[in-house]
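To start, the structure itself, in structure tokens.
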Amino acid sequence: MGTAGKVIKCKAAVLWGMNQPFSIEEVEVAPPKAKEVRVKILATGICRTDDHVIKGAMVSKFPVIVGHEAVGVVESVGEGVTTVRPGDHVIPLFLPQCRECNACRNPEGNLCIRSDLTGRGVLADGTTRFTCKGKPVQHFMNTSTFSEYTVLDESSVAKIDGGAPPERACLIGCGFSTGYGAAVKTAKVSPGSTCAVFGLGGVGLSVIMGCKAAGASRIIGIDINKDKFPKALAVGATECISPKDSTKPISEVLSDMTGNTVQYTFEVIGRLETMVDALSSCHMNYGTSVVVGAPPSAKMLSYDPMLLFTGRTWKGCVFGGWKSRDDVPKLVTELLEKKFDLDQLVTHTLPFKNINEGFELLYSGQSIRTVLTF
């Protein structure tokens with residue numbers, strides 16, 4: 001493309017500080033350095049994790065360009081890039097895969113050492129590629145997809161089938177893969193089992209889809225917002241309950257409903273209290289509970305260790321346990337083979353300039369996933 005090697009001026013949604021709305025600004029995006037890739041974003045999803053930066057629940061420096069769930073096309077590559085070339089369709093990866101660190105090399109690992117979950121805000125060489133009004137603008141989780149163009153390290157890019165619709169495939173960059181993988185890869189849900197899913201947002205619904213794909217016979221959706229029940233039932237939940245409908249603890253309600261046979265529970269909210277509730281709700285001896293929702297930073301959790309002593313397993317899960325560069329292209333292929341349907345998760349599609357409206361839909365609980373298109 002004629003822009004290779006040049007600074008690109010484009011529109012991006014910049015956050016200038018905490019608790020501020022997005023400001024659509026003209027930014028300058030520098031060319032990729034060695035082992036970097038510049039990508040034109042085609043579609044990007046709005047995820048609750050982006051809101052954690054606005055609210056201060058996730059550490060970040062400002063100004064920053066957030067966004068981490070997207071599909072784009074490679075515009076140009078830096079020196080030494082071998083895995084993608086201009087014109088390739090790609091998914092940016094908030095969880096990189098360098099293939100060299102011990103997490104990448106271990107068959108069970110996926111939390112690459114190059115991940116930026118702590119708000120470092122720069123690429124691998126310690127600098128940013130974004131400038132706005134003469135000021136450097138921080139990157140977010142190595143991705144920064146709320147921009148017409150972004151620059152990523154090669155380890156943070158997965159080449160995908162160009163036939164995949166960007167407005168659906170972008171969910172594989174975070175929300176869908178995180179939930180689906182929590183069930184099929186982290187928990188390894190067994191056929192005929194009973195599962196309970198706490199939190200019925202986009203990731204919770206993806207957990208349900210994973211439980212169903214794994215052959216669970218009972219999948220109980222749990223949320224205080226009953227408006228979410230029809231969608232949960234549509235994607236595979238067998239029943240839905242609200243904790244507010246009983247004075248008993250939710251663990252007792254589930255035990256009574258199932259004859260104490262809940263083998264897998266998933267916390268997909270990110271609240272400390274529900275993490276303990278979910279742990280208490282799986283079978284005291286052979287149950288497994290998975291923490292899927294991002295916990296609030298700088299908070300400590302207290303629980304009764306007897307919950308674990310009796311035999312329960314308590315697991316964490318980042319990006320559904322997937323090795324990002326290896327597994328994301330396979331998930332996109334499965335989408336094209338109609339192994340799962342992402343239409344049910346996308347409730348709104350808006351032009352990128354309406355990003356603040358998209359976040360209002362998130363806050364009001366009206367949307368599951370809003371996708372922004374460029």
Side-chain angles (χ1 to χ4, degrees), residues 1-3 6-30 38-55 58 60 62-76 89-92 94 121 128-152 164-175 201-202 342-343 345-374:
M1 296 187 185
T3 46
K6 299 173 187 167
V7 171
I8 289 179
K9 290 184 177 179
C10 68
K11 294 283 187 249
V14 177
L15 276 177
W16 290 99
M18 246 164 52
N19 297 312
Q20 293 187 23
F22 289 94
S23 179
I24 302 289
E25 306 277 8
E26 183 177 86
V27 297
E28 295 178 349
V29 185
R38 189 160 59 181
V39 172
K40 177 180 170 62
I41 300 296
L42 301 175
T44 183
I46 291 177
C47 173
R48 181 70 67 176
T49 306
D50 300 310
D51 181 55
H52 288 342
V53 177
I54 301 171
K55 301 287 196 291
M58 234 180 136
S60 178
F62 294 93
V64 64
I65 296 170
V66 296
H68 63 281
E69 185 182 82
V71 167
V73 62
V74 175
E75 172 270 338
S76 61
H89 281 229
V90 294
I91 287 182
F94 74 87
T128 170
R129 302 291 163 271
F130 296 117
T131 312
C132 183
K133 299 178 180 173
K135 291 183 180 171
V137 178
Q138 303 294 306
H139 293 253
F140 174 65
M141 293 210 292
N142 298 315
T143 48
S144 297
T145 62
F146 290 165
S147 173
E148 289 177 316
Y149 287 85
T150 189
V151 178
L152 309 114
E167 300 83 9
R168 295 297 177 266
C170 64
L171 271 64
I172 292 171
C174 179
L342 298 185
D343 289 353
L345 301 179
V346 179
T347 48
H348 300 80
T349 305
L350 298 172
F352 175 63
K353 67 180 191 316
N354 294 14
I355 184 168
N356 286 309
E357 181 188 337
F359 274 82
E360 287 304 323
L361 289 166
L362 177 73
Y363 302 145
S364 65
Q366 293 175 64
S367 68
I368 294 169
R369 259 304 184 270
T370 297
V371 172
L372 306 171
T373 56
F374 290 83

**Prompt:** Does Glu148 reach the main-chain N or O of Lys11 with its side chain, forming a donor-acceptor pair under 3.5 Å?
**Reply:** yes
**Prompt:** So do His89 and Leu42 actually touch side chain to side chain, heavy atoms under 4.5 Å?
**Reply:** yes
**Request:** Find out whether Phe130 and Val64 are in side-chain contact, i.e. whether some heavy atom of one side chain is under 4.5 Å from a heavy atom of the other.
**Result:** no
**Request:** Output yes when a side-chain donor or acceptor of Thr347 lies under 3.5 Å from a complementary backbone atom of Ile368, and no otherwise.
**Result:** yes
**Asked** Within a strict 4.5 Å, meaning less than it, do heavy atoms of the Leu372 and Asn354 side chains meet?
**Response** no
**Asked** So Phe359 and Phe22, would you call those rings parallel, tilted or perpendicular, with 30° and 60° as cut-offs?
**Response** tilted
**Prompt:** With no hydrogens and no angle check, do the side chains of Thr349 and Glu167 hold a donor and an acceptor under 3.5 Å apart?
**Reply:** no
**Message:** Contact between Arg168 and Val346 at the side-chain level, heavy atoms closer than 4.5 Å - yes or no?
**Reply:** yes
**Asked** Would Glu75 and Arg38 pass as an ion pair if we require N to O under 4.0 Å?
**Response** yes
**Message:** Could you report the tightest heavy-atom contact between Phe62 and Met18, atom names first, then the distance?
**Reply:** CZ-N, 3.8 Å
**Complete:** Nearest heavy-atom approach of Thr150 to Ser144 is OG1-O, 3.1 Å
**Item:** Ring geometry between Phe352 and Phe146 (parallel below 30°, tilted from 30 to 60°, perpendicular above 60°)
**Value:** tilted
**Request:** For Pro136 and Pro63, work out which heavy atoms get closest and say how close.
**Result:** O-CG, 3.8 Å
**Message:** Could you report the tightest heavy-atom contact between Ile91 and Ala169, atom names first, then the distance?
**Reply:** CD1-O, 3.5 Å
**Asked** Is it true that a side-chain atom of Thr128 and a backbone atom of Gln138 form a donor plus acceptor pair closer than 3.5 Å?
**Response** no
**Prompt:** Does Cys132 reach the side chain of Trp16, with side-chain heavy atoms less than 4.5 Å apart?
**Reply:** yes
**Request:** Work out which heavy atom in Glu69 is nearest to a heavy atom in Gly175; give both atom names and the distance.
**Result:** OE2-N, 2.7 Å
**Message:** Contact between Thr143 and Leu152 at the side-chain level, heavy atoms closer than 4.5 Å - yes or no?
**Reply:** yes
**Message:** Could you go through Phe374 and Thr44, starting from their C-alpha distance and side-chain angles, then the distance that decides it, and tell me whether this counts as side-chain contact (heavy atoms from CB on, under 4.5 Å)?
**Reply:** CA-CA 9 Å; Phe374 290 83; Thr44 183; 3.8 Å; yes
**Asked** Where do Thr3 and Ser76 land on the side-chain contact (heavy atoms from CB on, under 4.5 Å) test, with the steps shown first?
**Response** CA-CA 8 Å; Thr3 46; Ser76 61; over 6 Å; no
**Request:** Give a yes or no on whether Lys55 atom NZ has more than 12 heavy-atom contacts from other residues, nucleotides or ligands under 6.0 Å away.
**Result:** yes
**4.5 Å side-chain heavy-atom contact, Val66 and Ile54** = no
**Asked** Are any non-hydrogen side-chain atoms of His348 and Ile46 less than 4.5 angstrom apart?
**Response** no
